[in-house]
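These notes are about the structure you will find just below.
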There are 2 protein chains.
Amino acid sequence: MGSMARDSAATRARILAAAIEEFGAHGLAGARIDRIAEAAEANKRSIYVYYGSKDALFEAAMTHVVEDISASVPLDTDDLPAYMGRIFDYYLAHPSVVRMAMWLPLERPVSGPNETQAYAKKVAALSSSGGAIDGLPASDLVMFVNALAQSWFMSPDSLLAADGLEPRSEERARVHRAALVEAVRRIVAG
Amino acid sequence: MGSMARDSAATRARILAAAIEEFGAHGLAGARIDRIAEAAEANKRSIYVYYGSKDALFEAAMTHVVEDISASVPLDTDDLPAYMGRIFDYYLAHPSVVRMAMWLPLERPVSGPNETQAYAKKVAALSSSGGAIDGLPASDLVMFVNALAQSWFMSPDSLLAADGLEPRSEERARVHRAALVEAVRRIVAG
């Protein structure tokens with residue numbers, strides 16, 4: 001790879017990272033290409049050259065996120081509680097990714113081809129794993145794991161603090177993580 | 001109540017109903033008082049006279065929603081699975097309410113006094129109910145029930161259809177409702 005190609009790859013990666021932050025913070029409608037350009041230290045024109053439009057940049061950011069989650073936290077049908085815990089860890093480390101997921105049903109409810117495929121693979125893997133999900137449709141189980149993984153991010157501090165813990169503290173996150181793992185253990189234990 | 005007071009109460013109720021639709025559809029930032037006025041067959045000035053500002057109208061709409069849910073679907077600490085099913089029924093019948101709840105963490109993450117109080121009451125009721133939630137903090141259980149109740153509305157059609165059912169059909173909703181009730185039964189059974 002020549003130095004121009006290298007520069008271009010680096011610029012695209014910075015644009016994608018800045019886009020995930022911006023879409024997470026402001027959603028699709030509220031995101032501004034100006035701010036993405038500034039955060040990425042790229043010029044606005046290069047964003048349109050590389051990605052075409054704000055919508056297309058959003059799709060590219062979603063594709064990146066879906067691929068990164070699949071690679072970083074592969075579904076483990078033999079141990080869904082541990083998988084639940086790892087998804088929460090990933091989300092805690094990538095709050096903009098969770099926020100992008102939270103904007104989606106409000107702003108872009110029809111899933112893109114990458115998300116559709118990622119869901120289909122999970123549902124197929126769970127369906128063929130048999131016993132683990134006895135009595136619950138695989139698609140509903142995927143919906144539940146997704147929803148539970150977001151529960152920390154959906155909830156106001158007042159609810160997180162309602163049992164007396166500091167709402168966004170490491171201790172609170174540990175307690176919530178343990179509760180998530182235990183809830184999924186109970187769900188799959190039947 | 002005289003006829004002017006009656007007219008005023010009716011107008012306020014229409015404004016509140018239209019506000020819930022508008023905030024559900026567009027969120028707080030995207031909502032427009034013009035559209036609320038038109039849908040409520042009220043004039044824009046009357047909305048400012050009654051409610052003061054868009055933010056204040058949003059708070060009034062949230063207060064109304066929180067009170068309506070508490071009254072329509074009271075927490076049943078003796079039968080959380082049945083409660084889960086009823087929350088889903090309420091949400092299915094009031095999609096704008098769910099969408100308001102989904103915008104909240106993105107646009108107005110600090111809960112208002114009515115939501116804070118409603119959460120505190122639920123957590124206190126669950127904590128004192130003891131055995132039902134053995135091993136799970138009450139606040140986490142409330143977070144889980146909230147998240148599970150939204151899972152249908154968060155999920156794209158492609159995921160709802162991944163087990164072969166028509167995504168937003170009555171049959172699909174029945175299957176999801178049964179799965180929700182079963183999941184909560186398992187969570188509280190320990």
In terms of heavy-atom proximity below 4.5 Å to chain B, should Ala138(A) be classed as side chain, backbone, both, or neither? both
Identify the heavy atoms of Met102(A) and Pro105(B) that sit nearest to each other, and give their distance.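 Of all heavy-atom pairs spanning Met102(A) and Pro105(B), the closest is CE-CG, 3.4 Å.
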Heavy atoms only: give me the nearest Gly135(A)-Arg186(B) pair and the separation to one decimal.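 Looking at all heavy atoms of both residues, the closest pair is CA-NH2, 4.1 Å.
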For chain B, find its close neighbours in residues 54-74 of chain A: heavy-atom separation under 4.5 Å, sorted by number, or none. none
Do any of residues 174-183 of chain A come closer than 4.5 Å to chain B, heavy atom to heavy atom, and if so which ones, in number order?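 So far as heavy atoms go, Val175(A), His176(A), Ala179(A), Leu180(A), Glu182(A), Ala183(A) are the residues that approach chain B to under 4.5 Å.
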Ranking Val142(A), Asp163(A), Val123(A), Leu165(A) by heavy-atom pairs under 4.5 Å to chain B gives rank one to Asp163(A)
What residue in Val110(A), Leu160(A), Asp140(A), Val184(A) has the most heavy-atom pairs under 4.5 Å with chain B? Asp140(A)
Quick one: ring-ring contact (aromatic ring centres under 6.0 Å, His included) partners of Tyr90(A), sequence neighbours excluded?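 Scan of Tyr90(A) (ring-ring contact (aromatic ring centres under 6.0 Å, His included), adjacent residues dropped) gives His94(A).
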Examine whether an atom of Pro109(B) lies under 4.5 Å from a heavy atom of chain A, and if so say whether it belongs to the side chain, the backbone or both; otherwise answer neither. backbone
With a strict 4.5 Å heavy-atom criterion, list every residue of residues 143-159 of chain B that contacts chain A, or say none. Met143(B), Phe144(B), Asn146(B), Ala147(B), Leu148(B), Gln150(B), Ser151(B), Trp152(B), Phe153(B), Met154(B), Ser155(B), Pro156(B), Ser158(B), Leu159(B)
